[in-house]
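Please read the structure below before turning to the comments.
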2 protein chains.
Amino acid sequence: MELDRFDRQLLHLVQQDSAQTAERLAEQVPLSPSAIQRRLKKLRENGVILRDTAIVDPAAAGRPTLYLVSLEVETERPELQKPLHQWLAAEECIQQAFYVTGQADYRLIVSAPDTQTFDAIMERLVRDNPHVKRFSTNVALKIIKQSLALPLL
Amino acid sequence: MELDRFDRQLLHLVQQDSAQTAERLAEQVPLSPSAIQRRLKKLRENGVILRDTAIVDPAAAGRPTLYLVSLEVETERPELQKPLHQWLAAEECIQQAFYVTGQADYRLIVSAPDTQTFDAIMERLVRDNPHVKRFSTNVALKIIKQSLALPLL
DNA sequence: TATGAAAGGCTTACTTT
DNA sequence: AAAGTAAGCCTTTCATA
């Protein structure tokens, strides 16, 4: 799907606040409210907007800690990649997972209420995925910034 | 603010889809639609729900690459921490930034349309923040999973 | 693309527990 | 204090031009 300047502007705005009315968006983009609604609908239908989410304050949710994990796997066993991906995707506490360049093959961001829970998750991870060689963990002492917004303008 | 079981259920659901109607939420939580709306309103007012965002498909937005950066700074200059945090917060392409335990002091997730742009950002970062000693970069070859949802149940 | 009518969801006030 | 019910209002949607 081709995105023109207006589409990008709209995406930029709903990345910051997806609960805005079309009327308020029309104050920031030179289009009529109905034109904006049509464009947003199309952007959702075509999967440009994947979904709308509410961002919950970690402090309010019992101050879960973020753990940044580097994962190293045995590359000689590519048949185990897919199960690992599915395992990661299914696990609630795994917020984010990336396959990356370099010696550490995966980077995870895990959200867990305490160290015990985190340890239990990682123990299950290495038990269920035998090609995981080792992992190292850093604790996020401070979240300076966190969003999934993409630069669009 | 105290969260009971229903609040947590609602938060769990709107983390996945914040555009759901109260009616549809009422099918999944044993409360009336108006009770649900009241609770969600209170959760937003009290900052438990920080904001609602639209998640944009990176592929549709011109396939920006995610760069995972480890940043090491001179700890002897704590007065430069705050300017760095502000710098990171202001930069559009910096999606996420964490201050972490260990030798690499910061972890960044940077979204940039190409390597040139990424290099330019990092050059500005080290120029504007003189206590940054070094950094290393990994490119995310595959995003297996990415959300900001917290485990609430 | 804009306009107007219809539908649907949200807000509020009120009643009940 | 908090949940359910009902009315009014606003937003969104759809049909028409």
Side-chain angles (χ1 to χ4, degrees), chain A residues 1-64 113 147-150 152-153, chain B residues 1-62 147-153:
Chain A
M1 178 184 179
E2 280 297 309
L3 302 180
D4 65 12
R5 201 179 124 253
F6 296 141
D7 290 321
R8 293 187 165 271
Q9 274 187 292
L10 288 173
L11 290 171
H12 177 76
L13 292 169
V14 296
Q15 272 188 343
Q16 298 166 332
D17 180 5
S18 63
Q20 283 176 96
T21 64
E23 197 173 350
R24 245 180 68 211
L25 290 168
E27 298 166 5
Q28 307 164 74
V29 178
L31 290 170
S32 70
S34 63
I36 286 171
Q37 285 169 347
R38 251 177 293 129
R39 281 172 179 261
L40 286 176
K41 189 183 177 189
K42 195 180 274 183
L43 288 168
R44 283 180 224 278
E45 284 171 354
N46 293 13
V48 178
I49 295 176
L50 294 170
R51 62 185 199 281
D52 297 277
T53 54
I55 307 297
V56 175
D57 182 8
R63 308 191 174 284
S147 89
L148 299 183
L150 303 173
L152 291 165
L153 308 180
Chain B
M1 180 184 179
E2 279 297 308
L3 302 180
D4 65 14
R5 199 179 126 253
F6 296 141
D7 289 321
R8 291 186 167 273
Q9 272 188 295
L10 288 173
L11 289 172
H12 177 75
L13 292 169
V14 295
Q15 272 187 343
Q16 297 167 332
D17 180 5
S18 64
Q20 280 176 99
T21 64
E23 197 173 349
R24 247 181 64 212
L25 289 168
E27 297 166 7
Q28 306 165 74
V29 178
L31 290 170
S32 70
S34 64
I36 287 170
Q37 286 168 344
R38 264 195 298 264
R39 292 176 95 113
L40 286 177
K41 189 182 177 188
K42 195 181 271 183
L43 288 168
R44 283 180 224 279
E45 285 171 352
N46 294 12
V48 177
I49 295 177
L50 294 170
R51 61 185 199 281
D52 296 276
T53 55
I55 307 297
V56 175
D57 183 7
S147 88
L148 300 183
L150 303 173
L152 290 164
L153 307 179

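Just so it is clear: chains get the letters A, B, ... in the order the sequence lines come, proteins before strands, and each one is counted from 1.
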Open item on the list: If I take atom CZ in residue R39(B) and atom C1' in nucleotide dA1(D), what distance separates them, rounded to the nearest angstrom?
Closed with: 12 Å
- [ ] With the side chain of R38(B) defined as its heavy atoms from C-beta on, choose the nearest nucleotide among dT11(D), dG4(D), dC10(C).
- [x] dG4(D)
Task: Check ion pair D7(A)-K42(A) (N to O, under 4.0 angstrom) - done: no
Task: Student check: side-chain heavy atoms of D4(B) and R39(B) closer than 4.5 Å - done: yes
Task: Separation of dT11(C) P from E23(B) CD (nearest whole Å) - done: 15 Å
- [ ] Output the residues of residues 24-37 of chain A in contact with DNA chain D, where contact means a heavy atom of the residue under 4.0 Å from an atom of the strand; sort by number or write none.
- [x] Q37(A)
Open item on the list: Donor-acceptor pair, distance only, cut-off 3.5 Å: does the side chain of D57(A) make one with the backbone of A59(A)?
Closed with: yes
Task: R8(B) and L153(B), any side-chain heavy atoms less than 4.5 Å apart - done: yes
Task: Sidechain-backbone polar pair: Q15(B) side chain, L150(B) backbone, donor-acceptor under 3.5 Å - done: yes
- [ ] Please check the phosphate of dT12(D) (OP1 and OP2 only) for any side-chain N or O of K41(A) closer than 4.0 Å.
- [x] no
Open item on the list: Surrounding CD of Q16(A) (heavy atoms of other residues, nucleotides or ligands, distance under 6.0 Å), is the total greater than 12?
Closed with: yes
- [ ] Starting from P on dC10(C), measure out to CD on E45(B) and report it in whole angstrom.
- [x] 15 Å
